[in-house]
Undergrad: 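Sharing a structure, written as structure tokens. Questions coming.
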Amino acid sequence: MLRYDLIVIGSGPAGRRAAIQAAKFKKSVLVVEKGRRVGGVSVHTGTIPSKTLRETVLNLSGWRERGFYGRGYRAKQNISAEDLGKRLHITLNHEVEILEHQFARNQVSTIAGAARFLDPHTIEITDEHGSVTRCTADRFVLAVGTKPHRPATVPFDGETILDSDDIVNLTRLPRHLVVVGASVIGIEYATIFSALDVHVTVIERGPGLFGFVDKELTDEFVHDLRDRGMALRFGCTVKSIERHDGHNCTIELEDGRQVRGDMVLYAAGRAGATDTLGLDACGLTCDERGRIAVDKTSFQTAVPHIYAAGDIIGFPSLASTSMEQGRIAACHAFGQPAHAPPEFFPYGIYTVPEISVIGMTEEEVRERKIPYESGIARFRETSRGHIMGLHSGFMKMIFSLETRRLLGVHIVGEGATELIHIGQAVLNLEGTLNYFVENTFNYPTLAEAYKIAALDAWNRMPKRQPSAQTAAALQDFVARSQSA
Ligand SMILES: Cc1cc2nc3c(=O)[nH]c(=O)nc-3n(C[C@H](O)[C@H](O)[C@H](O)COP(=O)(O)OP(=O)(O)OC[C@H]3O[C@@H](n4cnc5c(N)ncnc54)[C@H](O)[C@@H]3O)c2cc1C
């Protein structure tokens, strides 16, 4: 039987970082991956494919130039599924090669196959040919991630009725795409296809989009989507999905209405990939969505030598946060110092246009009764925005009235996922409005929006000391973000 200091199950962002961190401590590390190649959901069906597809669509469609040349502008006519696939495969191969090289350089061993616990220190790995290998380790990191929720009532066929894994292998472009579920994944794909001039209908049970995003932002975003012809049906539950001749589908709603399309993307939720892990044998349990509970500062599970990180532990389920969780888990497992996960982390939503947020929304600030002021900058007010031909996009910043501390940054528009990091730095360094007012920004940049939004807030800001109530509310917010 093979023996290791650490066995990591799953080679996505959490598993990868845990393995490399442990290897840097000179530990013997094995990564077990049941997929055909290392990289996890992030590289093969999630983050990297969807973002590559997005970039390809924006480039080929000439989306970024339409502000200047009009909605009819196209960089390439007749874009095909093959055009989209080409760039995808080159990017994914490159990502896998880099990861394989990282593992080799750090002497991390890998075995291809599905791992299952036999007892708390032993796993069995079954490869695609049915061969079985047994391995034992002192410590484990479970980084098995999630898989799309596929209700038995939905007739998935991988071609016309798809989940988010299938869409990566698209062989044709739809004329009318119906997206079930206004999840981040659902809306990212809905807007990507809409940028290709595909007619898109989104069906969502809830009352709106992205409950964790500032309402002013989502209102503007929804308006933007409707303006370009996307149909958003909120408060609608799907009763059945049926495929007829060819690619024609009918989606019947609980209220009796019907939606027709020639492709359906079902993007309503994901479940932890714990069902075949043999959790019973190692003394662990999971919740009804297959997720494992951990201590949120060390990522240790209820069984002390077993850690879990990444999507398998639930919120926030991002590649970015998964990496940090994996690294911290490996540090804790081998008694090495590690910083706790950061107080505030950015959330990037790669829709078209993109959204990125950090800190408190205006709704949260109000709920906590923290006196605040907000400032807004529209991208079309910046010189960079004029140069780029931007008509939409804005940044909103929220400041404590009494401490002047930055409480939240909310951006929708071009470059949002990059711009947010300026706000993140100031927020985590406990900076105030003064930073933005007193510093010089490159000109012409979209980052200038920070100064404009700060000045907008500053114009209305009185100068006072924080009340005990505000200080307590701020402290409470910090504690809550750490335990979320
Ligand atoms: C369409 C889509 C778009 C996304 N976009 C973004 C984004 O833009 N930004 C962002 O930060 N995040 C994004 N995410 C989320 C991101 O992909 C996940 O947060 C991240 O991949 C989670 O990493 P992980 O390490 O938990 O596991 P995963 O990446 O899910 O990998 C888990 C691995 O474990 C393997 N595995 C499972 N069970 C076993 C077993 N029993 N034995 C061996 N191996 C096993 C699986 O094969 C898989 O390779 C997106 C997700 C999706 C689906």
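When a ligand or atom number is given, it counts from 1 through the structure's own listing order. Side chains are part of it too, since the values below use all heavy atoms of this structure and drop only hydrogens, waters and symmetry mates. Numbering starts at 1 and runs along the sequence shown. Bear in mind the structure is a predicted one, so any value in this text is a computation, not a measurement.
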Undergrad: Using a plain distance cutoff, I'd like to know if Gly46 has any nitrogen or oxygen under 3.5 Å from a nitrogen or oxygen of ligand 1.
TA: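 Min N/O separation from ligand 1 is not below 3.5 Å for Gly46.
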Undergrad: Flag Tyr350 as yes when one of its N or O atoms lies below 3.5 Å from any N or O atom of ligand 1, and as no otherwise.
TA: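 N/O-N/O distance below 3.5 Å does not exist for this pair.
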Undergrad: Any N/O of Thr47 closer than 3.5 Å to an N/O of ligand 1?
TA: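 The answer is yes, given that Thr47 and ligand 1 share an N or O pair closer than 3.5 Å.
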Undergrad: Can you confirm whether Cys249 sits close enough to Met263 that some side-chain heavy atom of one is under 4.5 Å from a side-chain heavy atom of the other?
TA: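 A side-chain contact is absent here, since even the closest heavy-atom pair is not under 4.5 Å.
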Undergrad: Looking at ligand 1, does any of its N/O atoms fall within less than 3.5 Å of an N/O of Ile312?
TA: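 No: no nitrogen or oxygen of Ile312 is under 3.5 Å from one in ligand 1.
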Undergrad: Return a yes/no value for Arg270: is any of its N or O atoms, backbone included, closer than 3.5 angstrom to an N or O of ligand 1?
TA: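 Looking only at distances, the answer is no, because the N/O contact criterion of under 3.5 Å is not met.
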Undergrad: Heavy atoms only: which of Val41, Ile48, Ile111 lies closest to atom 28 (P) of ligand 1?
TA: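 That would be Val41.
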Undergrad: What part of Ser50, side chain, backbone, both or neither, has a heavy atom within less than 4.0 angstrom of ligand 1?
TA: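 For Ser50, the contact with ligand 1 is made by the side chain alone.
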Undergrad: Who's closest to atom 32 (C) of ligand 1 heavy-atom-wise, of Val31, Val144, Ile123?
TA: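 Comparing heavy atoms across Val31, Val144, Ile123, the nearest one to atom 32 (C) of ligand 1 lies in Val144.
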Undergrad: Name all residues meeting the ring-ring contact (aromatic ring centres under 6.0 Å, His included) criterion together with Phe103; count only those two or more places apart in sequence or in a different chain, and write none if there are none.
TA: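 Applying ring-ring contact (aromatic ring centres under 6.0 Å, His included) to Phe103 gives none.
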Undergrad: Give a yes/no on ligand 1: does Pro148 have at least one heavy atom closer than 4.0 angstrom to it?
TA: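 No; Pro148 lies far enough from ligand 1 that no heavy-atom distance drops under 4.0 Å.
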Undergrad: Look only at interatomic distance and state if Lys51 has a nitrogen or oxygen under 3.5 Å from any nitrogen or oxygen of ligand 1.
TA: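 Lys51 vs ligand 1: N/O contact under 3.5 Å present.
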Undergrad: Would Ser164 count as a polar contact of ligand 1, with the cut-off being nitrogen or oxygen pairs under 3.5 Å?
TA: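 For ligand 1, there is no N or O atom that lies under 3.5 Å from one belonging to Ser164.
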Undergrad: Counting both backbone and side chain atoms, is some N or O of Ala115 under 3.5 Å from an N or O of ligand 1?
TA: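 There is such a contact, yes.
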Undergrad: Identify which one of Arg378, Lys396, Lys215 satisfies the salt bridge (charged side-chain N to carboxylate O under 4.0 Å, His left out) criterion when paired with Glu220.
TA: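 Answer after filtering Arg378, Lys396, Lys215: Arg378.
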Undergrad: Report, in ascending order of atom number, the atoms of ligand 1 lying under 4.0 Å from any heavy atom of Ala114.
TA: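 Under 4.0 Å from Ala114, ligand 1 has these atoms: 42 (N).
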Undergrad: Can an N or O of Ile9 be found at a distance shorter than 3.5 Å from an N or O of ligand 1?
TA: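 Looking only at distances, the answer is no, because the N/O contact criterion of under 3.5 Å is not met.
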Undergrad: Are Phe394 and Phe379 close enough, and set up right, to give a ring pair (Phe, Tyr, Trp, His ring centres under 6.0 Å), and what steps lead you there?
TA: CA-CA 5 Å; Phe394 79 95; Phe379 286 179; 8.3 Å; no
Undergrad: Which of parallel (below 30°), tilted (30 to 60°) and perpendicular (above 60°) describes Tyr266 and His149?
TA: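 Judged by the thresholds at 30° and 60°, the geometry between Tyr266 and His149 is tilted.
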Undergrad: N/O of Asp311 under 3.5 Å from N/O of ligand 1, yes or no?
TA: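 N/O-N/O distance under 3.5 Å: yes.
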